[in-house]
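Start at 1 with the first residue, then count along the sequence. Note that the structure is predicted; figures quoted are calculated from it, not measured.
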Amino acid sequence: MFGLSFQPGSHAVRGTGAFLKIGVIAPAIMVADVVVAQRLFPGFDAGAQFISELGGPKAPLPEVFNYGMMLAGLAGLLAGAGFAHALEEAGGRRVVSAFAGLFVALTGLGAFFAGVFHWPDPMHRACGVGLGIQFAPLFAAWALWGKPGYRRLANFSLGWFFGLLLVFALLTGVWNVRTGHDVGYWQRGHAFLGLLWLAIAAWTLEKGWRASLAPDPAPATA
């Protein structure tokens with residue numbers, strides 16, 4: 001779909017493919033956790049209230065949200081390792097790939113912090129590191145830029161970065177589009193777009209990684 005050729009070196013990590021598969025699953029865990037926790041919170045206003053309040057003291061079952069975020073966070077950390085290695089093998093840019101993986105991992109770390117430090121604990125602000133997902137598509141595009149077979153994924157990631165940037169600007173109040181009654185929707189929109197990119201990119205990279213490990217067909221003999 002977005003280019004699938006890999007040429008892994010001798011230092012290929014055995015767990016890279018598994019970590020990328022986890023990268024596909026992690027966003028689904030986060031979304032499902034929010035949906036379930038919200039259904040268990042009668043009267044919760046998804047527009048006017050922040051997602052973190054699902055794990056706060058007013059929630060009937062805050063542990064559902066908090067434990068779910070911790071699980072998703074651990075999955076995100078593993079996904080970051082898979083991204084870093086797969087992008088390096090695909091594009092050959094070690095430092096840029098490491099930063100891309102770091103930003104993915106920070107997304108997981110932010111979710112983990114959200115579950116450990118329950119809102120309104122002052123330490124809950126630590127979950128802000130999860131905004132690293134904003135820059136993951138940019139560095140992924142950079143890691144793959146100009147590499148044959150990766151043009152679609154690189155262009156897709158670059159375009160997605162600018163889309164995320166626009167939504168983040170609106171979320172923070174630029175042009176006064178956001179109001180106090182819909183801030184929750186903007187927060188969810190930005191998070192969903194970031195997680196959607198993560199799942200698509202992880203799925204694409206995993207397919208390429210798996211294809212690269214397939215043995216070459218034996219040459220035909222007369």
Are any non-hydrogen side-chain atoms of [X] and [Y] less than 4.5 angstrom apart?
X	Y	result
W209	E89	yes
W119	F50	no
V24	E206	no
C127	H124	yes
L61	F41	no
T204	F156	no
F44	R39	no
P62	P57	no

Ignoring hydrogens and angles, tell me if any N or O in the side chain of [X] forms a donor-acceptor pair with the backbone of [Y] under 3.5 Å.
X	Y	value
S157	A141	no
D45	A48	yes
R188	A46	yes
N66	G55	yes
E53	Q49	no
D33	I29	no
W203	L198	no

Transitively linked via ILVMFWY side-chain contacts under 4.5 Å: [X] with [Y]?
X	Y	value
L170	I51	yes
I133	F161	no
L158	F83	no
F139	V104	no
I200	F192	yes

What closest approach, in Å, do [X] and [Y] show between heavy atoms, and which atom pair accounts for it?
X	Y	answer
T107	G130	OG1-O, 3.6 Å
F65	A37	CB-CB, 3.8 Å
L164	G194	CD2-N, 3.7 Å
P60	P42	CG-CD, 3.8 Å
A75	I22	O-CG2, 3.3 Å
A140	W197	CB-CZ2, 3.7 Å

Fill in: CZ/F135: more than 12 non-hydrogen atoms of other groups inside 6.0 Å
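Count not over threshold, so no.
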
Worksheet item: How many angstroms lie between atom NE2 of H118 and atom CD of E63, to the nearest 0.5 angstrom?
Response: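 Going from the NE2 atom of H118 to the CD atom of E63 covers 9.0 Å.
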
Worksheet item: Just how far is it from atom CE of M69 to atom CG of L54, taken to the nearest 0.5 Å?
Response: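 With rounding to 0.5 Å, CE (M69) is 8.5 Å from CG (L54).
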
Worksheet item: Going through the checks in order, is the side-chain contact (heavy atoms from CB on, under 4.5 Å) test met by N155 and W145?
Response: CA-CA 8 Å; N155 290 338; W145 201 259; 3.2 Å; yes

Item to complete: Write out all pairs satisfying side chain to side chain donor-acceptor pair (under 3.5 Å) with one or both partners inside residues 125-143, taking only residues at least two apart or from two chains.
Response: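 Of all non-adjacent pairs touching residues 125-143, those that pass side chain to side chain donor-acceptor pair (under 3.5 Å) are Q134-H190.
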
